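Below is one structure, written out as structure tokens; the observations come after it.
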Amino acid sequence: MNAVAGEVDIAGLMAGIGARAKAAAAELAYTSQERKYAALVSASHAVWERRQEILDANCEDLAYGEEKGLSPAMMDRLKLDDYRIRGIVDGLRAVAEQQDPVGKVIAEWDMPSGLHIQRVRTPLGVVGVIFVSRPNVTADAGALCLKSGNAVILRGGSESFHSSTAIHDCMVEGLKQGGLSPDAIQLVPTRDRAAMTEMLRMVNHIDVIVPRGGKG
């Protein structure tokens with residue numbers, strides 16, 4: 001959806017994203033480690049192969065940031081180059097190589113009755129992540145949620161909109177290559193701040209919200 005479209009039904013848009021994320025989360029909870037690994041490695045390949053697209057998108061964001069009068073520190077967080085894209089690629093591969101946490105027994109004990117109890121790591125369901133400036137969070141948060149068996153809805157800052165979209169496209173390519181639903185990692189396709197407000201109300205679709213960035 002065009003982010004600058006005049007009339008957008010934000011509530012309807014977000015409800016659709018939430019419903020798709022919920023369905024993807026049900027599938028992810030039982031997805032094998034091998035398929036998640038394949039999706040993340042494929043996404044890392046896509047990021048590197050499409051790095052020029054990402055850099056071109058980043059140039060649009062940098063121009064937008066200058067128009068908004070972002071501070072030099074904020075502009076630096078926003079800026080991508082080959083070195084930082086290589087960092088995104090390495091980060092995706094590092095998460096792919098981590099041990100799958102789903103199903104891991106973290107504690108167990110026996111009751112006097114003879115009943116054996118285990119505490120086992122299970123996915124939360126749908127995670128909402130709100131972040132600003134740093135477009136690499138699109139890949140970082142998406143990868144960590146996928147690895148832990150959770151679907152994720154990402155809402156990046158308006159200044160990083162184009163960069164985040166380009167990176168998200170690579171994540172979706174990875175999901176498809178791994179045979180997983182592209183709805184497992186979704187990016188809110190609008191700069192409208194009402195979408196963020198709507199996310200905070202989506203208690204029927206989002207199980208936990210992770211805000212990353214400034215106090216606001």
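Residue indices begin at 1 and follow the sequence shown. A quick note: this is a predicted structure, and the numbers were derived from the prediction, not measured. Reckoned from all heavy atoms, side chains included, excluding hydrogens, waters and symmetry mates.
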Separation between NE2 (His205) and CD (Glu198), nearest 0.5 Å, reads 10.5 Å

Beyond-backbone contact of Cys145 with Leu154, side-chain heavy atoms, under 4.5 angstrom: no

Minimal non-hydrogen separation, Arg155 against Asp192, with atom names: NH2-O, 3.3 Å

Rounded distance [0.5 Å steps], CD1 in Ile54 versus CG in Leu80: 7.5 Å

Is it possible for you to say whether Tyr64 and Val132 belong to one hydrophobic cluster, with membership spreading through side-chain heavy-atom contacts below 4.5 Å? no

Steps toward side-chain contact (heavy atoms from CB on, under 4.5 Å) verdict (Thr197, Arg193): CA-CA 7 Å; Thr197 302; Arg193 289 184 62 85; 5.7 Å; no

Under a side-chain separation threshold of 4.5 Å, the hydrophobic residues clustered together with Met75 are Leu62, Leu70, Met74, Leu78

Hydrogens and angles aside, do Arg93 and His45 bring a side-chain donor and acceptor to less than 3.5 Å of each other? yes

Give the minimum heavy-atom separation between Ala38 and Gly178, together with the two atoms involved. CB-CA, 4.2 Å

Give every residue pair that meets the side chain to side chain donor-acceptor pair (under 3.5 Å) criterion with at least one member in residues 123-151, sequence neighbours excluded. Ser133-Glu159, Asn136-Asp140, Thr138-Ser164, Ser148-Asn150

I need the Ile167 CD1 to Ile85 CD1 distance, nearest 0.5 Å. 7.0 Å

With sequence neighbours excluded, tell me which residues meet side chain to side chain donor-acceptor pair (under 3.5 Å) with Lys104. none

Who are the side chain to side chain donor-acceptor pair (under 3.5 Å) partners of Asp61, not counting sequence neighbours? His162, Ser163

Heavy-atom distance under 4.5 Å between the side chains of Val172 and Ile185, does that happen here? no

Side chain to side chain donor-acceptor pair (under 3.5 Å) contacts touching residues 46-55 (sequence neighbours left out): Arg50-Glu53, Arg50-Glu173, Gln52-Asp56

Tightest non-hydrogen contact, residues Val41 and Ala96, listed as CG2-CB, 4.0 Å

Distance (rounded to the nearest 0.5 Å) between Ile88 CD1 and Arg84 CZ: 10.0 Å

Of the non-hydrogen atoms in Ala195 and Val188, which two are nearest, and what is the gap between them? CB-CG1, 3.7 Å

If you measure from CE on Met171 to CG on Leu146, what distance do you get to the nearest 0.5 Å? 7.0 Å

Under the side chain to side chain donor-acceptor pair (under 3.5 Å) test, residues paired with Arg35 that sit two or more places apart: none

For Asp100, give me all partners under salt bridge (Lys or Arg N to Asp or Glu O under 4.0 Å), at least two apart in sequence or on another chain. Lys36

Are any of the side-chain heavy atoms of Ile130 and Leu200 separated by less than 4.5 Å? yes

Could you give the side-chain donor-acceptor pairs of residues 117-126 under 3.5 Å, partners two or more places apart or in another chain?
{"residue": "Gln118", "atom": "NE2", "partner": "Glu108", "partner atom": "OE1", "Å": "3.2"}

Kindly give the heavy-atom pair with the smallest separation between Val102 and Ala29, and that separation in Å. CG1-O, 4.2 Å

Quick check: does any side chain N or O of Gln186 sit under 3.5 Å from a backbone N or O of Ile17, one acting as donor and the other as acceptor? yes

Any residue meeting salt bridge (Lys or Arg N to Asp or Glu O under 4.0 Å) with Asp82, in chain and number order, not counting sequence neighbours: none

The salt bridge (Lys or Arg N to Asp or Glu O under 4.0 Å) partners of Lys22 (sequence neighbours excluded) come to Asp207

How would you list, by chain and number, every residue that makes a side chain to side chain contact (heavy atoms under 4.5 Å, CB included) with Ala23, sequence neighbours excluded? none

Non-neighbouring partners of Tyr37 that pass side chain to side chain donor-acceptor pair (under 3.5 Å), sequence neighbours left out: Glu97

So do the side chains of Leu180 and Glu27 get within less than 4.5 Å of each other, counting heavy atoms only? yes

Going from NZ on Lys68 to OG on Ser71, what distance comes out if it is rounded to the nearest 0.5 angstrom? 11.0 Å

What is the minimum heavy-atom distance between Ala151 and Ala21, and which atoms define it? CB-O, 3.4 Å

